[in-house]
Amino acid sequence: MTIKEIYNLTLQMGALADFRGEHGERRLLEGKKKKYEKMDEKEKQEFDLEALENPYLDSRIYNISDDKAIKKVLVGIDIEPAELLMAKEIDNIDLIIAHHPFGKGLAYLADVMDLQIDVLNYYGVPINIAEGLMKERISEVARGVNSANHQRTVDAAKILKMNLMNSHTPTDNLAAKFLKNLIEAKNPERISDLIRLLNEIPEYREATKIGAGPKIFVGDSENRCGKIALTEITGGTEGSPKIYEKMANAGIGTVIGMHMSEDHKKEAESAHLNVVIAGHMSSDSLGINLFLDELEKRGIEIVPCSGLTRISRAKQ
Ligand SMILES: [Fe+2]
């Protein structure tokens, strides 16, 4: 496979697992196209044209130094110059794939957060409330990533002449869909049942062994789950802390997330929601693994690094 084929495959898989449904991300692209058409020349020059084709702007190809057939990839959750130097020490790494974005992908992280509006709406939060609260939070995230050293890893890849890409929201979508299907099929009654169910997933089982397994952030193991919402697995990063009360009003009993800040935890607590934090690196690993299985099936060798717990389901 070429780098572009690997990249297109991740976008395609992400779109198929998207909460907005098969046509949701198409509608998003059409909306961006309409906005683009109304822009004046100067605005058009500054516009990132990739936004017209790619619904996940936090996932990009950053450098192609050698556009060869890819046979062996180094894959990690966070890729920094250290991992690129490491790749040089391993024989025949053709491409490095990161999960978390940098460069342009990081600068556009807030762009994918619109997805959370639809996810919240899917679980019953009125669209106007989800939209209102998320808009505020999206601009906060956009300002937050502004100070980053965006190009550090990208510059290193160019100097070392290494092929580099990342896949963030597409693989987070895969993790969210996987968990949603499992939870809907097994319908756990109490929080302890939910934790047990999560621990049946090898990525979480491995995380539990190092003390980073699923944890109850809010609530008690004997609490009943009620309606379980997967609102905090995909869609860029943490949403608005003001949303929890609205979620409780919409009939949600338990939220499953990857990670949660103290501010968010306090708000969830006062809304009487249960919060189960599945784990960050483990949940990221789950989504990435589902994508990597497809590369493995196509004969690509995978070398995991930087927090990725590689579990293959390719032969199942
Ligand atoms: Fe992550």
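Please read all numbers here as calculations on a predicted model, not as lab measurements. In each ligand, atom 1 is the first atom listed, and ligand 1 is the first ligand listed. We number each residue from 1, following the sequence as shown.
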Taking E296 as the fixed residue, which of K72, K315, K71, R313 is the one that meets the salt bridge (Lys or Arg N to Asp or Glu O under 4.0 Å) rule? K315
Return each pair, listed once, that meets ring pair (Phe, Tyr, Trp, His ring centres under 6.0 Å) where at least one residue sits in residues 208-234; pairs must be two or more places apart or across chains.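 Not a single pair qualifies under ring pair (Phe, Tyr, Trp, His ring centres under 6.0 Å).
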Do any pairs count as a ring pair (Phe, Tyr, Trp, His ring centres under 6.0 Å) and have a residue in residues 42-89, sequence neighbours left out, and if so which ones? Y36-F47, Y62-F102
Would one find an N, O or S atom of [X], in either backbone or side chain, under 2.8 Å from the Fe ion (ligand 1)?
{"X": "D172", "result": "no"}
{"X": "H259", "result": "no"}
{"X": "H99", "result": "no"}

Could you tell me whether K242 and D263 make a salt bridge, using a distance below 4.0 angstrom between a side-chain N and a carboxylate O? no
Do NZ/NE/NH1/NH2 and the carboxylate oxygens of K42 and D40 come within less than 4.0 Å?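 Salt bridge: no.
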Which N, O or S atom of H100 lies nearest to the Fe ion (ligand 1), by name: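 The atom in question is NE2.
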Closest to the Fe ion (ligand 1), which N/O/S atom of D284 is it? OD2
